[in-house]
Amino acid sequence: MINIQKPKVHFIDNQLLDPPNPVTVNLIGAGGTGSQVLIALARMNHALTELGHPGLWVRLWDNDVVTAANFGRQLFAESESGLYKSTALINRTNRFFGTNWKAETSNFEKDILRGFDINKQSSIYISCVDSIQSRFNIAEILNELKEIGGYYRSKGRYWIDFGNNVDNSVMLLF
């Protein structure tokens, strides 16, 4: 008996391939990995817009501030010491690439009333966090957002998790 494996096929949602507006991305975490992912997203956005695609619109979430421990290891300069990481990175990216992306100086979590604000809705979520508990919290929020639904444009389609080792990176489809 011959074992023929069928190729795996993944269909990308048309809302991502041919959207009328930029694809919304929530990037969660602005440390070593998140700062690199932000630059990659900015480069992708530039390429997409040059090809006639509306591009990306990114909101970066992180409540941590830049300290001396971040210099060299992460994409921060001494002049940014004391600034929120998300603000420093988004401002720099907006100036360099001409984008109008936003920084959130809070963690991606439920508010005090256990609710959600509109800023948490997005088509793509990318987590660059360094704890398992943070990933569980993000998963809980995304599952609840999925149940709420929302506008088609901001309906969650992908969650990409960049872990800190080979076994942690996962792409989840909604």
Side-chain angles (χ1 to χ4, degrees), residues 8-13 15-16 19 22-45 56-67 69-76 80 83-93 99 101-174:
K8 293 182 180 180
V9 177
H10 172 71
F11 295 98
I12 296 177
D13 193 302
Q15 186 64 22
L16 299 177
V23 174
T24 55
V25 178
N26 271 326
L27 177 57
I28 307 162
T33 303
S35 61
Q36 296 291 332
V37 170
L38 181 67
I39 299 304
L41 289 171
R43 288 176 159 182
M44 287 172 51
N45 177 66
L56 305 173
W57 191 88
V58 176
R59 183 178 302 274
L60 178 60
W61 296 80
D62 201 308
N63 75 340
D64 201 8
V65 297
V66 178
T67 65
N70 303 129
F71 306 148
R73 285 187 315 111
Q74 299 175 4
L75 293 177
F76 298 106
E80 295 169 321
L83 298 175
Y84 283 102
K85 290 179 177 181
S86 57
T87 303
L89 290 170
I90 285 293
N91 285 341
R92 189 180 327 134
T93 302
T99 52
W101 295 353
K102 301 296 178 199
E104 292 287 338
T105 57
S106 62
N107 285 333
F108 188 82
E109 56 191 24
K110 293 180 183 178
D111 66 18
I112 296 170
L113 300 174
R114 307 284 298 158
F116 301 104
D117 61 35
I118 193 85
N119 295 340
K120 291 196 175 56
Q121 291 183 325
S122 181
S123 293
I124 298 173
Y125 298 86
I126 303 174
S127 53
C128 302
V129 296
D130 54 8
S131 78
I132 297 297
Q133 187 57 53
S134 294
R135 288 181 180 89
F136 280 123
N137 293 342
I138 293 167
E140 181 181 336
I141 290 170
L142 297 184
N143 281 329
E144 289 183 29
L145 284 172
K146 186 170 135 181
E147 290 176 16
I148 292 170
Y151 301 107
Y152 185 74
R153 176 176 169 229
S154 58
K155 177 184 168 197
R157 288 169 175 78
Y158 290 95
W159 173 22
I160 303 167
D161 178 58
F162 288 105
N164 290 326
N165 64 41
V166 175
D167 300 326
N168 290 31
S169 289
V170 178
M171 180 176 78
L172 304 166
L173 305 174
F174 283 95

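Computed from a predicted structure; not experimentally measured.
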Name all residues meeting the side-chain contact (heavy atoms from CB on, under 4.5 Å) criterion together with Asp64; count only those two or more places apart in sequence or in a different chain, and write none if there are none.
Asp62, Lys85
Heavy-atom donor-acceptor pair, Tyr125 side chain to Lys120 backbone, under 3.5 Å
yes
Just wondering, do Tyr158 and Ile126 contact through their side chains at under 4.5 Å, heavy atoms?
no
With a 4.5 Å limit on heavy-atom distance, are the side chains of Lys102 and Ile90 in contact?
no
Non-hydrogen atoms of Trp61 and Asn107 that approach each other most closely
CE3-O, 3.8 Å
Hey, does Glu104 have a side-chain heavy atom less than 4.5 Å from the side chain of Tyr84?
no
For a side-chain contact (heavy atoms from CB on, under 4.5 Å) check, start with the C-alpha distance between Arg59 and Thr24, then their side-chain angles and the critical distance, and finish with the verdict.
CA-CA 8 Å; Arg59 183 178 302 274; Thr24 55; over 6 Å; no
Donor-acceptor under 3.5 Å (Trp101 side chain, Ala42 main chain):
no
Would you mind reporting whether Gln36 and Leu75 have side-chain heavy atoms less than 4.5 Å apart?
yes
Those residues at least two apart in sequence (or on a different chain) that pass side-chain contact (heavy atoms from CB on, under 4.5 Å) with Ser134 are Val129, Ser131
Closest heavy-atom pair and its distance - Asn63, Thr105
CB-O, 3.7 Å
Side chain of Asn143, backbone of Glu140: donor and acceptor closer than 3.5 Å?
no
Quick one: closest heavy-atom pair of Gly29 and Leu60, and the distance?
O-CD1, 3.6 Å
Output for pair (Ile28 CD1, Ile160 CD1), nearest 0.5 Å, gives 11.0 Å
Please name the pair of heavy atoms, one in Ala30 and one in Ser86, separated by the smallest distance, quoted to 0.1 Å.
CB-N, 4.1 Å
For residues Phe76 and Thr67, determine if any side-chain heavy atom of one lies less than 4.5 Å from a side-chain heavy atom of the other.
no
What I'd like to find out is whether the side chain of Ile138 reaches to under 4.5 Å of the side chain of Ile141, using heavy atoms alone.
no
Could you pull out the closest heavy-atom pair between Leu27 and Gly34, with the gap in Å?
CD2-O, 3.7 Å
Which heavy atom of Thr99 sits nearest a heavy atom of Thr93, and at what distance?
OG1-O, 3.8 Å
Exam field: side chain Ser123 to backbone Arg157, donor-acceptor pair closer than 3.5 Å:
no
For Asn26, does its backbone N or O pair with a side-chain atom of Ser122 as donor and acceptor, under 3.5 Å?
yes
Pairwise distance CG(Leu142) to CH2(Trp159) - rounded to 0.5 angstrom:
6.0 Å
